Amino acid sequence: MAIDRMMKILVVEDSKITRKMEIKILSQLGFTNILESDDGNDAIEKLLSEENISLVISDWNMPNKDGYELLLWVRSSEKHRQLPFIMVTAQSEKKQTAKAIHAGVSNFVSKPFSPDELSQVITDTFSPKTDDISEYTPRTAPSGKLLLRTAHIQITDHLTLGVLKNRIESEKVAAHHFELETRCMPGWNPVQKAIETGEVDVAFILAPIAMDSFSDNVPIKLILFAHKNGSISVKKASKSTDSNSSLKESFKEKTFYLPHILSIHHMLSSMFLKELGLTPGMTGNKDVDVFFEIVPPVKMPEFLANNPSAGGFTVAEPLGTKSIAGGSGELLFLSGEIWEYHPCCVVVVRQELINQYPDAIQEFTELLVDSGQFISMHPEKSAEIAIDFLDPDKKLGLNVAVLKNVLKEPQGIKTDDLFPSIEDLDRIQRYMSTEMGVGSLIDLNEFVDTRFAQKACAKFAHTRHQSIFHDISHTVKKILSRETHGDKTKVRLDREGKYLIFSLCGQTYGISIHSVVEIIHMVPFHPIPKSPPFVKGVINLRDQVIPVIDLRLRLNKEACEYNDRTCIIILEVVDKGQKIKTGIIVDTVSEVLSIMANDIEDLPSFGMDTDINYILGMAKVNNAINILINTDKLLKDEEPVTTHLLA
């Protein structure tokens, strides 16, 4: 049915940054008549004072009056009893949703959610109810093989799947019983829904989420671990030299981001923060002084950098190392430092598929185990594969250096032992249920099917790792005793790579080769009236109109005559999803250099009284100093940028 895009929607959310994100998503969907409230009490005032509110979208965990209490009030109000009410919740475990259903909630959308997810939930909320449940049916490819539809998200935890896909496509290995179809999804909730509804046959998913689905009688079996270790905890980068004793205060009354309430990230973060003497929990819980917030993993670095109330996050790699390399975060701990060789993501398969196609599942398991061994033995090649698998649209800004560092980290992700440990899964479910009050206890012997792993892992028995749960008190003291400003091996990794080197006024500069489209000789310009002096005009390059700037003038240097060595570098950057090409005029181009993170130094801070954000740093290679340019900043800034360093 058609949805009224002009209807009045009340958004209730205590986190300002999350509320703005939700409103932005609603705007993208065409809804503009939106009211805001920051807790249940304020929402009730809006409902009493405003007419014609057609939909409430409310968070569950809030101070003063939470979303559940607001729902009870709405359903007890004669005027609002039939008002559609969507609960936005991090409390996405089955026992919590059952509680809200009993209270009369219209629908749910679980944090974190995408625009497509919210759009579908709103549509379903205003559509006639139906009891039709589609029956799960395995599919076969045109070849006659089983089509194995497999869901994952953009984290290194799922790289065994990416390596397998690459090896099949490059014909390094052959799958005789199945064809592989991978589906990259925006977050955990779509993955969970896809495996529960039968949209996919296999899911790479957080172990506690899978266990929660099993507790609700979803017919799935865990056949393999996706990896061991692999998560990282990051705190907000500080420009000051904080003492270790201030770490507790740096988190107090701050937001701490998690990818899901049912996760090892939640468990280890809670343990760590409690050991610091803090009381972490969801907003609205009594006496909480560190507020867990569920956000999309790919958004965590951005939220940490831009939200003053954010203290840190725990997430799967490579997002943490990317944040550290970019300067917005500092290393807090690696998950393996607390629990060495712990499980996190697992591989679950629909029970019907196991029953009907055991040979295909056996082959799939064996090829995944082989892919895990490949990652362990060839981290450099695996990092190259990871770029296209984890960031196909180049939205995360990953590079090989970041991925290689993650895969070679001694206490980082391990893929050479994927055999499922029931004892380790039991440790997770019992701690989360007993100490944290989340999740449900299940019979793991019914949930875990080790038949396929036993055969697949038999030849790699020598790589088997026994998990080690380190004393949390000793581990935290060890973490506190090291340097406070993060892991220096991770800093600047996002700047490592190949650079096109060019000259300007006798100084050499570098621009990432990934931004370079081509290099051309000087051609005539078509001037643009009233443009800044550094904008020379536009050129027509194979029917594309491209603006050209003189980099000398852009950097407030003196103009000079062009000669036969002067050239134009055509660059391409992505701005708001659009590819933008611009030409820059330079004196001469010399070579392409591979610049390592260790070659890069930050600019000296003394004597700098102007904006130098467009400079990535200085690289010392072959006794020469090359100034590395931030192409995005250079081309997106509307005003000329000056700096004494470049004068």
Side-chain angles (χ1 to χ4, degrees), residues 154-159 162-163 166 227 229-232 234 237 297-298 300-302 304-305 315-331 334 374-415 485-501 509-516 573-574 591-603 615-622 625-633:
Q154 295 169 280
I155 53 177
T156 48
D157 295 4
H158 301 171
L159 186 53
V163 167
N166 176 269
H227 65 103
N229 292 359
S231 292
I232 185 172
V234 173
V298 296
M300 288 186 185
E302 174 190 340
L304 183 66
V315 73
E317 289 282 34
L319 300 170
T321 292
K322 181 71 173 65
S323 178
I324 295 170
S328 63
E330 297 173 3
L331 175 65
L334 298 173
F374 181 92
I375 294 169
S376 180
M377 292 186 290
H378 305 286
E380 291 87 357
K381 178 60 178 177
S382 299
E384 294 173 5
I385 294 172
I387 291 294
D388 291 331
F389 180 66
L390 301 180
D391 195 15
D393 298 325
K394 310 306 176 192
K395 292 181 179 180
L396 297 183
L398 298 179
N399 65 22
V400 172
V402 168
L403 270 301
K404 186 168 63 175
N405 177 270
V406 167
L407 297 178
K408 297 178 75 171
E409 169 65 58
Q411 290 179 298
I413 189 168
K414 304 297 179 186
T415 60
H485 285 282
D487 184 351
K488 291 184 178 180
T489 64
K490 296 182 183 296
V491 177
R492 308 187 191 98
L493 281 171
D494 63 335
R495 290 174 271 181
E496 181 174 305
K498 292 184 178 181
Y499 286 80
L500 177 67
I501 305 301
Y509 295 80
I511 285 182
S512 172
I513 198 70
H514 294 296
S515 301
V516 178
V573 298
V574 178
E591 60 184 327
V592 174
L593 286 179
S594 293
I595 296 178
M596 307 302 292
N598 291 337
D599 299 328
I600 302 171
E601 295 182 5
D602 292 329
L603 292 173
I615 298 177
L616 295 173
M618 300 184 301
K620 297 181 179 179
V621 182
N622 299 330
I625 296 178
N626 305 288
I627 298 176
L628 306 181
I629 299 293
N630 184 332
T631 311
D632 287 348
K633 182 71 174 177

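Predicted, not measured: the structure shown is a model, and the values here were computed from it. One-based numbering along the sequence shown.
- Expressed to the nearest 0.5 Å, how far CG of Asn399 lies from NZ of Lys404 amounts to 9.5 Å.
- Atoms CG and CD1, from Leu593 and Ile513 in turn, are 10.0 Å apart once rounded to the nearest 0.5 Å.
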- Would Leu616 and Ile600 satisfy side chain to side chain contact (heavy atoms under 4.5 Å, CB included), going step by step from the backbone distance to the final call? CA-CA 9 Å; Leu616 295 173; Ile600 302 171; over 6 Å; no
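- Remark: Leu319 CG to Met300 CE distance equals 8.0 Å, nearest 0.5 Å.
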- Report the C-alpha distance between His227 and Lys414 in whole Å, list the side-chain angles of each, state the deciding distance to 0.1 Å, and finish with yes or no for side chain to side chain contact (heavy atoms under 4.5 Å, CB included). CA-CA 6 Å; His227 65 103; Lys414 304 297 179 186; over 6 Å; no
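- The shortest heavy-atom contact between Val406 and Thr156 is CG1-OG1, 4.0 Å.
- With rounding to the nearest 0.5 angstrom, the OG atom of Ser231 is 5.5 Å from the CG atom of Asp157.
- The CG atom of Leu398 lies 7.0 Å from the NZ atom of Lys322; values are rounded to the nearest 0.5 Å.
- Taking both residues in full, the closest heavy atoms of Ile232 and Gly320 are given as CG2-CA, 3.5 Å, listed atom of the first, atom of the second, then distance.
- Side-chain contact between Ile595 and Glu496 is absent, with no heavy-atom pair separated by less than 4.5 Å.
- Under a 4.0 Å N-O distance rule, the pair Lys408/Glu380 qualifies as a salt bridge.
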- Message: For Ile385 and Phe374: C-alpha separation, side-chain torsions, deciding distance, then whether side chain to side chain contact (heavy atoms under 4.5 Å, CB included) applies.
- Response: CA-CA 12 Å; Ile385 294 172; Phe374 181 92; 4.3 Å; yes
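- Residues Val315 and Pro297 share a closest heavy-atom pair of CG2-CB, 3.8 Å.
- Considering every non-hydrogen atom in both Ile501 and Gly510, the closest pair reads CD1-CA, 4.0 Å.
- Within the 4.5 Å cutoff, the side chain of Leu628 has heavy atoms near those of the Tyr499 side chain.
- For Lys381 (side chain) and Met377 (main-chain N/O), no donor-acceptor pair under 3.5 Å exists by modelled atom type.
- At least one donor-acceptor pair closer than 3.5 Å links the side chain of Glu317 to the backbone N or O of Thr321.
- The backbone N or O of Leu390 lies less than 3.5 Å from a partner atom in the side chain of Gln154, making a donor-acceptor pair.
- Scanning both residues, Leu407 and Ala383, for their nearest heavy atoms gives CD1-N, 3.8 Å.
- Of the N and O atoms on the side chains of Ser328 and Ser323, at least one donor lies less than 3.5 Å from an acceptor on the other residue.
- Checking side-chain atoms of Asp599 against main-chain N and O of Ala619 turns up no donor-acceptor pair under 3.5 Å.
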- Item | Criterion side chain to side chain contact (heavy atoms under 4.5 Å, CB included) on Leu159 and Thr415, from CA distance to verdict | CA-CA 9 Å; Leu159 186 53; Thr415 60; over 6 Å; no
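- Of all non-hydrogen atoms in Ser382 and Ile375, the two that sit nearest each other are OG-CA, 3.3 Å.
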